[in-house]
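Written below as structure tokens is the structure these notes are about.
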Amino acid sequence: MDDFSDIVMPGTVLAALAVPNKKALFQQLAAVAGRSSGLDPKLIVERLTERERLGSTGFGGGIAIPHGKIEGLAHVVGVFARLASPIDFHAIDDMPVDLVFLLLSPPDAGVEHLKALSRVSRRLRDRLFLAKLRGAGSPDALYALFTSADARDAA
């Protein structure tokens, strides 16, 4: 399934997010995720930071998928950001990151969490799709790419 409307909402897709580093990025993503989920942004930042200590979620090609499990969620929540300028993420290929897809899951969502990570990872390995993400002019255009097969084909 290439439609991510079960994970992202229009308000959780950001274009040209300006952040100087990973810490500021996590704070901005957590604020957005907190608004959409009702969770405390500080708790989200803590979970993301804990996960990054295990190893960078930057998987190469300018892409990162920070993720974690957090109490208080009923389902998987996603936030996508295209950064105004790439930042160092200690990615596996040492390249800076400009596309970030945050995934948060309930603590008991083992299979659901892994399926969501797999879907996002698979989609973000598609070079044509990445070019469309990097070329989209607005949050609405980015959202359409994630939620509409027609928009992906026409973009």
Side-chain angles (χ1 to χ4, degrees), residues 1-22 24-39 41 44-45 47-48 51-52 56-70 73-106 109 111-155:
M1 177 195 319
D2 286 341
D3 181 347
F4 288 89
S5 59
D6 60 325
I7 297 176
V8 295
M9 298 181 296
T12 63
V13 177
L14 312 169
L17 180 64
V19 292
N21 54 43
K22 193 188 298 191
L25 171 66
F26 285 175
Q27 290 169 339
Q28 291 291 319
L29 295 177
V32 173
R35 282 193 298 274
S36 73
S37 67
L39 295 174
I44 296 170
V45 170
R47 288 295 179 277
L48 295 176
R51 171 56 189 85
E52 285 299 307
S56 177
T57 55
F59 72 77
I63 301 158
I65 308 176
H67 56 277
K69 294 183 179 182
I70 191 164
L73 285 178
H75 56 85
V76 176
V77 171
V79 177
F80 175 79
R82 186 184 67 216
L83 304 184
S85 298
I87 61 169
D88 180 32
F89 213 89
H90 300 101
I92 194 166
D93 62 358
D94 290 323
M95 297 295 293
V97 163
D98 67 330
L99 300 176
V100 182
F101 200 118
L102 165 69
L103 276 175
L104 298 173
S105 301
V111 172
E112 184 184 11
H113 180 74
L114 292 175
K115 283 183 178 179
L117 270 172
S118 176
R119 282 172 55 203
V120 171
S121 173
R122 188 170 43 253
R123 197 71 185 121
L124 293 180
R125 290 179 195 275
D126 178 331
R127 290 176 190 249
L128 181 58
F129 185 66
L130 291 176
K132 290 176 183 181
L133 289 176
R134 289 185 169 116
S138 69
D140 289 342
L142 288 166
Y143 179 74
L145 287 169
F146 278 109
T147 59
S148 166
D150 294 339
R152 278 194 299 277
D153 294 339

For a quick test of reading the model, state the closest non-hydrogen atom pair linking [X] to [Y] and the distance between them.
{"X": "Ala24", "Y": "Asn21", "value": "N-OD1, 2.8 Å"}
{"X": "Phe26", "Y": "Pro66", "value": "CE2-CB, 3.8 Å"}
{"X": "Pro106", "Y": "Ala74", "value": "CG-C, 3.8 Å"}
{"X": "Val120", "Y": "Leu103", "value": "CG2-CD1, 4.0 Å"}
{"X": "Ala136", "Y": "Ala141", "value": "CB-CB, 3.9 Å"}
{"X": "Asp93", "Y": "Gly61", "value": "OD2-N, 2.8 Å"}

Exercise for the section: Using modelled atom types only, decide if a donor and an acceptor are shared between the side chain of Thr12 and the backbone of Val8 within a distance under 3.5 Å. Expected result: no

Exercise for the section: Would you confirm whether Ser5, through its side chain, and Thr147, through its main-chain N or O, come within 3.5 Å as a donor-acceptor pair? Expected result: no

For [X], which residues count as a side-chain contact (heavy atoms from CB on, under 4.5 Å) partner, sequence neighbours excluded?
{"X": "Ala15", "result": "Arg82, Pro139, Leu142"}
{"X": "Ala33", "result": "Ile44, Val79, Leu102, Leu104"}
{"X": "Ala81", "result": "Leu14, Leu17, Leu29, Leu83"}
{"X": "Ser85", "result": "none"}

Quick one: list whatever passes side chain to side chain donor-acceptor pair (under 3.5 Å) with [X], sequence neighbours left out.
{"X": "Glu52", "result": "Lys22, Thr57"}
{"X": "Arg35", "result": "none"}
{"X": "Asp94", "result": "none"}

Spatial distance of atom [atom1] ([X]) from atom [atom2] ([Y]) [nearest 0.5 Å]:
{"X": "Leu39", "Y": "Leu73", "atom1": "CG", "atom2": "CG", "answer": "4.5 Å"}
{"X": "Ile63", "Y": "Asp98", "atom1": "CD1", "atom2": "CG", "answer": "8.0 Å"}
{"X": "Phe101", "Y": "His67", "atom1": "CZ", "atom2": "NE2", "answer": "13.0 Å"}
{"X": "Asp3", "Y": "Ser148", "atom1": "CG", "atom2": "OG", "answer": "8.0 Å"}
{"X": "His113", "Y": "Ser118", "atom1": "NE2", "atom2": "OG", "answer": "11.5 Å"}

Exercise for the section: Could I get the full list of ring-ring contact (aromatic ring centres under 6.0 Å, His included) partners for Phe80, not counting sequence neighbours? Expected result: Phe146

Check salt bridge (charged side-chain N to carboxylate O under 4.0 Å, His left out) between [X] and all other residues, then give those that pass, not counting sequence neighbours.
{"X": "Arg125", "value": "none"}
{"X": "Lys69", "value": "none"}
{"X": "Arg47", "value": "Glu50"}
{"X": "Asp88", "value": "none"}

Practice task
Taking the side chain as every heavy atom from C-beta outward, state whether Arg119 and Asp6 have any pair of such atoms under 4.5 Å apart.
Solution key: yes

Practice task
Report yes if some heavy atom in the side chain of Leu25 is under 4.5 Å from a heavy atom in the side chain of Val97; otherwise report no.
Solution key: no

Handout entry: CG (Leu114) with more than 12 external heavy atoms under 6.0 Å
Key = yes

Handout entry: No-hydrogen, no-angle side-chain donor-acceptor test under 3.5 Å, Ser138 and Asp140
Key = no

